[in-house]
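Notes for the one structure printed next.
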Amino acid sequence: QVQLVESGGGLVQAGDSLRLSCAVSGRTFSTYTMGWFRQAPGKEREFVGSIRWSGEWTYYADSVKGRFTISRDTAKNTVYLQMNSLRPDDTAVYYCAANGGAGWRYWGQGTQVTVSS
């Protein structure tokens, strides 16, 4: 029903910025919530932030609040994660996800973000 394709990951230095993109296809409604998660090796998946597709609100984990910004472009069917002031502990595989009201059922393939010190 919904397909997500992520891009934009890479290797950066601490303090740098990076923007991840998630192209969304299928059915996207104003009631959907789009989210970003991350998972470091050997760690459990961690919530990063989310945005209502309508843009009504955003929500962030305390670890990234003030540094990361989620946005979306409805014309391009794309969700973004703007990451500023990156730290080595931000290193992880980042996933976008979609929640149509029945949980986080749709996931992208993930994109690697590596932050060196």
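Heavy atoms only: backbone and side chains are in, while hydrogens, waters and symmetry mates are out.
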Check: Trp36 ring centroid to Phe68 ring centroid under 6.0 Å |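 They do not qualify: ring centres at least 6.0 Å apart.
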- Partner set under side chain to side chain contact (heavy atoms under 4.5 Å, CB included) for Ser50, not counting sequence neighbours: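 Here the qualifying residues are Thr33, Phe47, Trp57, Tyr59, Trp104.
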Flag the pair [X] / [Y] as yes when at least one side-chain heavy-atom distance between them is below 4.5 Å, and no otherwise.
| X | Y | value |
| --- | --- | --- |
| Ile70 | Tyr60 | yes |
| Gln82 | Ser17 | yes |
| Val24 | Val79 | yes |
| Ile51 | Tyr32 | no |

Point-to-point distance, once rounded to the nearest 0.5 Å, from [atom1] of [X] to [atom2] of [Y]:
| X | Y | atom1 | atom2 | value |
| --- | --- | --- | --- | --- |
| Leu81 | Arg72 | CG | CZ | 15.0 Å |
| Asn84 | Thr69 | CG | OG1 | 6.5 Å |
| Met83 | Leu20 | CE | CG | 3.5 Å |
| Leu86 | Ser117 | CG | OG | 13.0 Å |

Each residue besides Tyr80 in its hydrophobic cluster should be listed here, by chain and number; the cluster joins Ile, Leu, Val, Met, Phe, Trp and Tyr at side-chain heavy-atom distances under 4.5 Å.
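When side chains under 4.5 Å apart are linked, Tyr80 ends up in no cluster with other residues.
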Pairs meeting criterion salt bridge (charged side-chain N to carboxylate O under 4.0 Å, His left out) with involvement of residues 43-62, two or more places apart:
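Residue pairs passing salt bridge (charged side-chain N to carboxylate O under 4.0 Å, His left out), neighbours aside: Arg38-Glu46.
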**Asked** Are the side chain of Thr78 and the backbone of Lys76 linked by a donor-acceptor contact shorter than 3.5 Å?
**Response**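 Answer holds: yes.
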Shortest non-hydrogen separation from Ala40 to Ala92 and the atoms involved: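 Scanning both residues, the minimum pair turns out to be N-CB, 3.8 Å.
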Could you list all the disulfide (SG to SG under 2.5 Å) pairs where at least one residue sits in residues 54-95, not counting sequence neighbours?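 Residue pairs with at least one partner in residues 54-95: there are none.
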Quiz prompt | With sequence neighbours excluded, residues passing salt bridge (charged side-chain N to carboxylate O under 4.0 Å, His left out) with Arg67 | solution =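 Listed in chain order: Asp90.
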Return all side-chain donor-acceptor pairs below 3.5 angstrom for residues 2-12, not counting sequence neighbours, or 'none' if the list is empty.
from, atom 1, to, atom 2, distance (Å)
Gln3, OE1, Ser25, OG, 3.0
Glu6, OE1, Gln109, N, 3.2
Glu6, OE1, Gly110, N, 2.4
Glu6, OE2, Tyr95, N, 3.3
Glu6, OE2, Cys96, N, 2.5

Examine Met34 and Phe37 and state if one hydrophobic cluster contains both, with Ile, Leu, Val, Met, Phe, Trp and Tyr joined whenever side-chain heavy atoms are less than 4.5 Å apart.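 No, because Met34 and Phe37 fall into different hydrophobic clusters, even though each may have its own neighbours under 4.5 Å.
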